[in-house]
Amino acid sequence: MHDDKFLDPIEARKKAMDYLARREHGRGELLDKLTRFGFDPDVAEEAVTRLVEDGLQSDARFAEAFVRSRINQGKGPARIRADLRERGLEGGAVELALEEADEDWYALARDVRLKKFGPDTPSEFREKAKQMRFLQSRGFEPDQIQAAVSAIFE
C-alpha cells in the first residue's frame with residue numbers, strides 16, 4: 001500500500017519547512033529533496049510554490065547565504081558559481097549574489113594562499129605551479145591566482 005502522506009501537500013509543506021528550518025535551500029534543491037524523500041513530484045511542486053509565495057523560500061536569500069558561507073571557507077567566484085548552478089540556480093541570481101557579496105577576490109585569494117603556504121613567495125616553478133593549482137581548485141580566476149602567487153607579504 002502506498003503511503004498517502006506522500007500525496008498530501010500539507011505533509012510536503014511540513015517536510016519542506018523542516019529542511020528550511022535547518023538552512024536556506026534553493027527551490028530546485030528543495031524540490032529534489034522532497035521527491036527523493038518520496039513525495040509525488042506534483043505535490044512537492046505545489047508545496048514549494050506555496051512556500052515561495054509565502055516568502056518562506058527564496059532563491060535570492062539562499063544564494064546570499066550560500067555565497068557568504070563559501071567565502072568564509074575560502075572559495076573563489078568560479079567555484080561558488082559552479083556550486084550554485086549545480087543546485088539549480090540560474091545565471092542572473094548567481095551573478096547578483098556574487099556581486100552583492102562585495103568581496104575583494106584578490107585579497108581572499110592572497111589570504112587563502114598565505115594560510116596554506118605561508119608568507120614566502122614561491123621561488124621554484126614547481127612550487128608556484130602547485131600553489132596556482134591549489135587556488136584554481138578553490139575556484140579563483142586566473143588573474144586573482146597570479147596576483148596571489150606573486151604577492152609579497154610583509
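None of these values were measured; they are calculated from a predicted model. Computation of the quantities below employed the complete heavy-atom set of this structure, encompassing side-chain atoms and omitting hydrogens, waters and symmetry-equivalent molecules.
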Pairwise side-chain contact, Arg27 with Glu45, heavy-atom cut-off 4.5 Å (strictly under): yes
Side-chain heavy atoms of Leu30 within contact of Leu20, under 4.5 Å: yes
Derivation and outcome, side-chain contact (heavy atoms from CB on, under 4.5 Å), residues Leu98 and Ile80: CA-CA 8 Å; Leu98 284 168; Ile80 295 170; 3.8 Å; yes
Exam field: side chain Arg138 to backbone Gln73, donor-acceptor pair closer than 3.5 Å: yes
Whether Ser150 side chain and Ala147 backbone form a donor-acceptor pair below 3.5 Å: no
Heavy-atom pair of closest approach, residues Phe39 and Lys15: CE1-CB, 3.8 Å
Where Val43 and Ala12 come nearest, the two heavy atoms and their spacing: CG1-CB, 3.8 Å
Side-chain touch Met132/Gln146, heavy atoms, less than 4.5 angstrom: yes
Minimum-distance pair of heavy atoms, taken over all atoms of Leu34 and Ala44: CB-CB, 3.8 Å
Aromatic Phe37 / basic Lys33 pairing, under 6.0 angstrom, 45° off normal: no
Verify same cluster id: Leu114, Val149 (apolar side-chain graph, 4.5 Å): no
Ser137: partners by side chain to side chain contact (heavy atoms under 4.5 Å, CB included), with sequence neighbours left out: Phe134
Pair Glu103 + Arg68: basic N to acidic O under 4.0 Å: yes
Audit row: Glu86, Arg79, salt bridge (Lys or Arg N to Asp or Glu O under 4.0 Å) steps and yes/no: CA-CA 10 Å; Glu86 191 176 287; Arg79 174 80 175 270; over 6 Å; no
Cluster check Phe62, Leu51: I/L/V/M/F/W/Y, side chain < 4.5 angstrom: no
For residues 123-130, dump all side-chain donor-acceptor pairs below 3.5 Å to protein atoms at least two apart in sequence or in another chain.
unit_1 : atom_1 : unit_2 : atom_2 : d
Glu127 : OE2    : Gln131 : NE2    : 3.0

N-O pairing of Lys14 and Glu11 below 4.0 Å: yes
Closest contact, heavy atoms only, Ala63 versus Ala97: CB-CB, 3.6 Å
Side-chain donor or acceptor of Asp104 paired with backbone N/O of Tyr106 under 3.5 Å: yes
Side chain proximity check, Val52 to Ser58, heavy atoms < 4.5 angstrom: no
Side-chain (Arg61) to main-chain (His25) donor-acceptor, under 3.5 angstrom: no
Any Ile145 side-chain heavy atom under 4.5 Å of Phe140 side chain: yes
Arg113 side chain to Gly118 backbone, donor-acceptor under 3.5 Å: yes
Gln144 side chain reached by Leu135 side chain, heavy atoms, under 4.5 Å: no
Electrostatic pair Asp54-Arg13, nearest N-O below 4.0 angstrom: yes
Phe66 vs Leu84 side-chain heavy atoms within contact, under 4.5 Å: yes
Electrostatic pair Asp32:Arg36 at N-O distance under 4.0 angstrom: yes
CD (Glu90) with more than 12 external heavy atoms under 6.0 Å: no
Atom of Asp59, atom of Leu89 and distance for their closest heavy-atom approach: O-CD2, 3.9 Å
side-chain contact (heavy atoms from CB on, under 4.5 Å) between Glu141 and Trp105, worked out: CA-CA 9 Å; Glu141 307 285 348; Trp105 298 108; over 6 Å; no
Connected via hydrophobic side-chain network under 4.5 Å: Leu108 and Val94: yes
Distance (rounded to the nearest 0.5 Å) between Asp111 CG and Lys116 NZ: 15.5 Å
